[in-house]
Amino acid sequence: MQVAIQGPWSPLLGRLTLSAIPYTNPILVGTFAVAALIALVVAGAVLYYKKLGYLWREWLTTVDHKKIGVMYIIVGLVMFFRAFVDGLMMRTQQAMAIGPHSPGVLGAQHGYLPPFHFDQVYSAHGTIMILFAATPLLTGLTNVVVPLQIGARDMAFPYMNALSLWLTTAGAILVMLSLFVGDFSSAGWVGLIPLTELPYSPGVGVDYWMWAIQISSIGTTLNAINMIVTIIKMRAPGMGWFRVPVFTWTTLSTNIIGLTAFPILGVVLALLGADRYLGTHFFTAGNGGNLMLYTNMFWIWGHPEVYFLVLPAFGIFSEIIPTFSEKPLFGYTTMVAATFAIAGISWAVWLHHFFTMGAGADVNGFFSIATMLVGIPTGVKVFNWMFTLYRGRLTFTTPMLWALAGLFLLLVGGITGMMLAIPAINYTVHNSVFVIAHFHCMVLLVAAAIFAGVVYWFPKVFGFQLDEKNGLMFFWSFITATAIVFTAMFALGFQGETRRLDYIFNPAWRPMLWTEEAGMMLYLVSIFYFLRMLYVSLRDRVPVASDPWGTARTLEFLTHSPVPFYNFAVTPQVNARDELAWRREHGLDKAQPEAFEPIHMPSNTGVPIIIGMLSLTLGFGLIWRIWWMAGFSLLAIIIAVIIRSFDKNLGYELKPEEVAAMERNLATASIIAEQPARTPLTEAEAH
Amino acid sequence: MSAPHSNPLEHPEVRQASTWRYLAGFAATIVLMQAALTVTLRQHLPYTEYTLTIAGLALASLLAQAALFFGLDISRAQIWKSVSLVLTVPLFILSVGLTVWMFHSLMQRTMIMPQNMAQPTMLQ
Ligand code: HEM
Ligand SMILES: [Cu+2]
């Protein structure tokens, strides 16, 4: 049943041969050298400071939602940087390869990237930014914040939480691996069909793309289940639905989208896999296949996915704007209703990504109107934020600036989205860089929210603030760069530049392309300030109070900074929607519990990371068609799951004396502190 | 988290689980999926009957999984999950219904066939 493939294949190594290693490509060899150097330095430092045991016990095997969240964010930032470099490479190629007389270097006719490589760069850029940067960054933030915000000890399923992280990481590693072993897909992040079919993409690139997404999206789906259950079942006593913080509400709606939409992505990629591996004809042109069915199913997931990204961003704004306006959020109920309205409508608009397919005016009209309806709840949200700001006592800290900049990006992105939602306009600008500029306003809004959230909650987790001075420089350089690059890109879109060009045939576009390149240089400056912000903050480590901002309103700022690993020494009783603000008003925010109770905590386990790494080898085996490797990995995963289900570990208990001691000396309870080995509860103790 | 909850075997839905239902669910799903594959490979049904047949088989296997494999019913322990599953039905109607509509419209506009030709079959 298996299809014939081009090129050599051996039972031992599958399609893998020495020619898969791009040792003749100077860019990739250089990248490899840098990556290997960084890996050596990190590994050397870990061994030199004898931190290997600590790393394994406290981080790699952890089930603590805060540590898992932090690791999600680290993975996201690394991938963000990688995909930024991809973006820089594309901008540079387009700045060089203009007109028939432009020179070419490194084997390219024009510029420095041959089309084959350029295509992989844009495909990797989009895939990574959406699925391996923005998604893990947001998942990380929700992981850290939501349990704290609802007064829970951890997520509902701590073990599954770790599993989600390692599945996402396995996918990210696969994408990175494609740099040095084989190629990546050339078919764009959306998987342009029929280009992804075997006859048109006979190499392993599409397989890398497909399996990396498949594995990581299982992680995302599991995380969605976890989040939904946590929010529904684990809220502190007194937190009825109308007292749930807005960020938690948006997380809930986001993960409902995640849970319902990601399986469709899994199915459509599995069908594509059946075409590529088993010779079926779901999406081929002819033989009963219909390639538009792929596009259709991809976007049934794809459009909800963009709201999967933007709703948590809205939630972050809804936390930050009230804090730095010193006012409760205006229109809480309408905010929550708008969140769910957006999530609901996002299920009925997906055809706007392929208006030009040729469906009738009735169909296009329906989807056009449905798309525009999204503007109503979005408008409600914007006005709520505006009324929160109105006559507030505003302080322009970096989180606040990121949030306000995000509102501007939302405005531009939203209005251009409305333009694109009109089929008559869409026919002229579809597949032009106007679309790229539209959605970059949106996804950069998400990036702005992520930076806002990271700066806002960082002191909570680590107990010291990120340096404001460098943070401001980072903000201004990043936002100015965004304005330069994407204003120019809108202009180019109107001039008719199509997307994904490795060669620019029209020299009239040169000024705008060079403007974009200048903006990219400014992004480089912003990265410098970001790193300096981290460096200065880590060096100075100015300790902060439990509420570092002084005006925060929600529950997570009630517990200490840094957060003890058990979150709250005593589960708080919730009295109001903005619990901390309520306690401040009633002079209760500094009150300390008198007596402690035993705290039951889950034990760490190595099973999630083992399953994660086995899914990496499973993916690798499937990509290179090394059947023994794929088979053994799958078998080992099943065995690991069975072993785990017979594991009788019931977690451990912190005695009240221990809690009291740690509350007096918080450094011993922070998430970077090493914990002594604790014996798990016995069956008898648990009953 | 109070301690007794940590014993998974005491959760009511675990107490309700039964081995024969797992096995029956597994077997039913395999048989129904295999039937759908066979019908597809044989290609002897006319287009409309064929579509209805595999849609029916898909529905039956969904029900077999929900009722037998996952043991969803209206008991106190499971009603919550059953209701959640039912709540996804509108999404099915939206996504499948709108898809059918858009591809029907696409077919009429791009696959224009002479009047006397037979109904489109799977192979077109
Ligand atoms: C006001 C709401 C929005 C409207 C009306 C809107 C409308 C549209 C339309 C009509 C397109 C298709 C353009 C084309 O290909 O011809 C599009 C593309 C896109 N939008 Fe939006 N959009 C909105 C919000 C968002 C948000 C919130 C995000 C992400 C966070 C987003 C991300 C994207 C992406 C990624 C694409 C292009 C995907 C691709 O072809 O590669 N949009 N948008
Ligand atoms: Cu969309």
Side-chain angles (χ1 to χ4, degrees), chain A residues 152-154 156 158 228 232-234 256-257 259-261 263-264 280-281 286-290 292-293 296-297 299-301 304 344-345 347-351 354-355 357-364 366-367 370 571 597-602 645 648-651 653 680-681 683 685-687, chain B residues 1-11 13-14 17 22 33 36-37 39-43 45 47 50-51 54 58 62 65 70 77 80-81 83-112 120-124:
Chain A
R153 286 251 182 273
D154 205 312
I228 295 172
I232 293 181
K233 299 291 264 190
M234 313 250 308
I256 292 176
I257 296 180
L259 179 60
T260 48
I264 302 173
T280 56
H281 291 279
N287 281 339
N290 185 337
M292 282 321 287
L293 273 180
N296 182 57
M297 283 182 78
W299 286 113
I300 294 182
W301 161 78
I345 299 172
W347 265 92
V349 302
W350 75 92
L351 178 123
F354 46 101
F355 275 137
M357 167 173 83
D362 45 357
V363 174
N364 279 0
F366 173 89
F367 280 95
T571 300
E597 288 185 355
I599 299 177
H600 182 204
M601 300 289 295
S645 56
K648 285 265 163 15
N649 188 319
L650 297 174
E653 204 167 61
L681 290 173
E683 198 97 15
E685 283 172 311
H687 286 272
Chain B
M1 252 204 272
S2 65
H5 283 283
S6 63
N7 187 354
L9 296 181
E10 280 169 21
H11 284 276
E13 59 267 51
V14 178
Y22 274 123
M33 297 292 221
L37 184 62
V39 174
T40 309
L41 292 176
R42 286 260 186 86
Q43 302 187 353
L45 287 178
Y47 188 74
Y50 164 71
T51 322
I54 57 164
L62 179 80
Q65 284 186 29
F70 290 108
W80 196 88
K81 293 180 206 163
V83 169
S84 313
L85 186 68
V86 171
L87 285 179
T88 62
V89 169
L91 293 182
F92 276 97
I93 295 174
L94 259 186
S95 52
V96 178
L98 288 176
T99 297
V100 169
W101 184 39
M102 75 174 72
F103 277 79
H104 178 71
S105 146
L106 184 70
M107 204 71 159
Q108 284 181 330
R109 293 166 49 84
T110 58
M111 303 275 181
I112 300 167
T121 68
M122 271 175 57
L123 286 183
Q124 248 149 349

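Side chains included, hydrogens not; waters and symmetry mates left out as well; all remaining heavy atoms used. Convention: sequence-line order gives letters A, B, ...; per-chain numbering from 1.
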Practice problem: Please flag which part of A:Ile228 lies under 4.5 Å from any non-hydrogen atom of chain B: side chain, backbone, both or neither. | Solution: neither
Quiz item: Under 4.5 Å between any side-chain heavy atoms of A:Trp350 and B:Leu94, yes or no?
Solution: no
Quiz item: So which heavy atom on A:Phe367 is nearest to which on B:Leu98, and how close?
Solution: CZ-CD1, 3.8 Å
Quiz item: If you look at every heavy atom in A:Ala359 and B:Leu106, which pair is closest and at what distance?
Solution: N-CD1, 3.9 Å
Self-check item: Interface residue of largest heavy-atom contact number with chain B, from A:Thr260, A:Asn296, A:Leu351, A:Asn364, under 4.5 Å
Solution: A:Asn296
Exercise. Determine whether A:Met292 and B:Met102 make a side-chain contact, defined as any pair of heavy atoms from C-beta on separated by less than 4.5 Å.
Key: no
Exercise. Give me the contact list for residues 83-92 of chain B versus chain A, heavy atoms only, anything under 4.5 Å, ordered by residue number.
Key: B:Thr88, B:Leu91
Quiz item: With only heavy atoms counted, which part of A:Leu293 is less than 4.5 Å from chain B, the side chain, the backbone, both or neither?
Solution: both
Self-check item: Counterpart residues, side chain to side chain donor-acceptor pair (under 3.5 Å), relative to B:Thr51 (two or more places apart)
Solution: none
